[in-house]
Chemist: 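Here it is: the structure, laid out below.
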Amino acid sequence: MLTTAPRGTKDIMPTDVTAWRYLEETMRKICAQYGYKEIRTPVFEHTELFLRGIGETTDVVEKEMYTFTDRGERSITLRPENTASAVRAYIEHKLYADPAPTKLFYMGPMFRYDRPQAGRYRQFHQFGIEALGVPGPNIDAEIILLAVQILQSLGLKDLKLKINSVGCPKCRPEHRVKLQEFFKPHFDELCKDCQSRYDRNPLRLLDCKNPHCHELGEGAPSLEECLCDECKAHFAGLKELLTAAGVDYEVDHNLVRGLDYYTKTAFEIQYAPLGAQSAVCGGGRYDGLIKEVGGPETPGIGFAMGMERVLLALESQNLLPDFTDAMDVFVVCPNQEHFAKAFKAAIDLRRNGLKVDYDFQGRSMKAQMKAANRVKAHYVLIFGDDEVARNQVVLRNMANSEQKEIAISDITTILQTEVHEG
Ligand code: AMP
């Protein structure tokens, strides 16, 4: 146990970090294009924030939160998602006083006590967007386009964008009644959770993970029939903008998403080859959330993208670039008597911006040359006895095996030119 990471977590090893950084950089670049600014909130918050902000009848709150009492007797929860925290920060720092919209993005670890499997972990990473303060469908379209642009610019094809409208507090009550009528004859067959959700929040019955509940939900009354004029117009506006931008989408009336605070637009982007965990990105509008958490009535919309899932998709399609992290120079010094000179040369090169490595253990010439190959060094500097006696060293170009003698005092100047021109 001591030597394995807790179930559902994993180390991101140096060989994988390059892919993570590539993904993060792509996300940051596209956020800058769209004018979204990064926010970093704490990884834990008061439990109450998630109870209010996610909803007490959701799977996340009912079964998946890492909640504990801290030494000051406060109930604390490791964030299972970042929207509630971003909204809390928006209120705490009075960002609503700035001109709308407030456009935020985040990336970082989230924690859910989920059943671990491929693409589902207990500590996982999300990249996400929150756009606060604008009620119309144009911002809904913008964030969907941002998500699609990220995935497409990474080279992913065959993505499926599903959209729906989950209505608003005006039109949902009618749907709620219809849903209860629909499920009533099957009440006894529903799972325990759904039985308790039947009264509290019947919309949740539509996205229960229990396969039998899922079957029972087939043919359930669609929210579309109940949408009020405002929600209908909003949904039509979104569809028009997506069409204008040339983005394909599919309307899916069963897409209700796992969190309680969604109003109007809900969407998901799926990448089918990932199988059971095909959702790479999900989001929606949450016009009631900011008030619920204690702020002024403010509309908002956001999404979260599972970074592990995007990486799995990129890997499965061989879309990760070749990240060769070669060293510029390897300093070889078999005779420890010259080590101080070799060390000084290495440090000077590093101070001048080059990537430099050397042998720490005074091994043989052969072993040190092997080490130079291992780090894919472009150049090797050899501090041999004869050369050092003449204040010279051998500079070997590893690409073409050409060697020349250079003065120790010229090492930095010569190598800077070679590396930058080579
Ligand atoms: P959600 O916050 O549940 O809407 O999830 C948004 C996205 O985060 C999903 O589409 C997944 O890509 C990712 N995600 C959610 N839960 C997990 C998990 N346990 N492990 C890995 N990725 C996850």
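All ligand and atom numbering here is 1-based and tracks the order in the structure.
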Chemist: For ligand 1, is there an N or O atom under 3.5 Å from any N or O atom of A304?
Modeler: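 Min N/O separation from ligand 1 is not below 3.5 Å for A304.
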Chemist: Mind checking whether E308 has an N or O less than 3.5 Å away from an N or O of ligand 1?
Modeler: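 There is no such contact.
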Chemist: Would you indicate which of E81, R112, R122 comes nearest to atom 2 (O) of ligand 1 when only heavy atoms are counted?
Modeler: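 Ranked by closest heavy atom to atom 2 (O) of ligand 1, first place is R112.
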Chemist: Where's the contact between R120 and ligand 1, heavy-atom distance under 4.0 Å: side chain, backbone, both or neither?
Modeler: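 Both backbone and side chain.
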Chemist: For ligand 1, find out whether one of its N or O atoms is nearer than 3.5 Å to an N or O atom of F124.
Modeler: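 The answer is no, given that F124 and ligand 1 share no N or O pair closer than 3.5 Å.
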Chemist: Is any NZ, NE, NH1 or NH2 atom of the basic residue among E174 and K178 found under 4.0 Å from an Asp or Glu carboxylate oxygen of the other?
Modeler: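 Yes.
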Chemist: In terms of side-chain geometry, is the basic nitrogen of K160 or D248 positioned less than 4.0 Å from the acidic oxygen of its partner?
Modeler: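 Looking at D248 together with K160, the answer is no, because their closest N to O distance does not fall below 4.0 Å.
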Chemist: Could you tell me if R40 sits above the aromatic ring of Y106, with its cationic atom closer than 6.0 Å to the ring centre and no more than 45 degrees from the axis?
Modeler: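 Because its charged atom misses either the 6.0 Å distance or the 45° angle limit, R40 does not stack over Y106.
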Chemist: Taking 4.0 angstrom as the limit and counting only heavy atoms of V280, give me the atoms of ligand 1 inside it, by number and element.
Modeler: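 Per the distance check, 10 (O), 12 (O).
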Chemist: What part of Y121, side chain, backbone, both or neither, has a heavy atom within less than 4.0 angstrom of ligand 1?
Modeler: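 The answer is both, backbone and side chain.
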Chemist: Only counting residues at least two apart or in another chain, list the ones meeting salt bridge (charged side-chain N to carboxylate O under 4.0 Å, His left out) with R115.
Modeler: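 Result, salt bridge (charged side-chain N to carboxylate O under 4.0 Å, His left out) vs R115: none returned.
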Chemist: Indicate whether any N or O donor in one side chain lies under 3.5 Å from an N or O acceptor in the other, for D140 and T265.
Modeler: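 Checked: D140/T265 side chains pair up, N/O donor to acceptor below 3.5 Å.
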Chemist: Should the pair D325-K376 be classified as a salt bridge under the 4.0 Å nitrogen-to-oxygen rule?
Modeler: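 Looking at K376 together with D325, the answer is no, because their closest N to O distance does not fall below 4.0 Å.
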Chemist: Check R88 with E45, please: is the shortest side-chain N to carboxylate O separation under 4.0 Å?
Modeler: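 Salt bridge present between E45 and R88.
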Chemist: Are R200 and E62 ion-paired here, with the side-chain N under 4.0 Å from a carboxylate O?
Modeler: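 Looking at R200 and E62, the cut-off is met.
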Chemist: Which is it for D114 and ligand 1 at heavy atoms under 4.0 Å: side chain, backbone, both or neither?
Modeler: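 For D114, the contact with ligand 1 is made by the side chain alone.
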Chemist: Quick check on contacts: which atoms of ligand 1 are under 4.0 angstrom from a heavy atom of G306?
Modeler: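 Matching atoms, with element in brackets: 7 (C), 8 (O), 12 (O), 13 (C).
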Chemist: Counting heavy atoms only, which part of Q126 comes closer than 4.0 Å to ligand 1: side chain, backbone, both or neither?
Modeler: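 Side chain only.
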Chemist: List every atom of ligand 1 that sits less than 4.0 Å from any heavy atom of A279, numbering the atoms from 1 in the order shown and giving each element.
Modeler: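 Ligand 1 atoms under the 4.0 Å threshold to A279: 9 (C), 10 (O), 11 (C), 12 (O).
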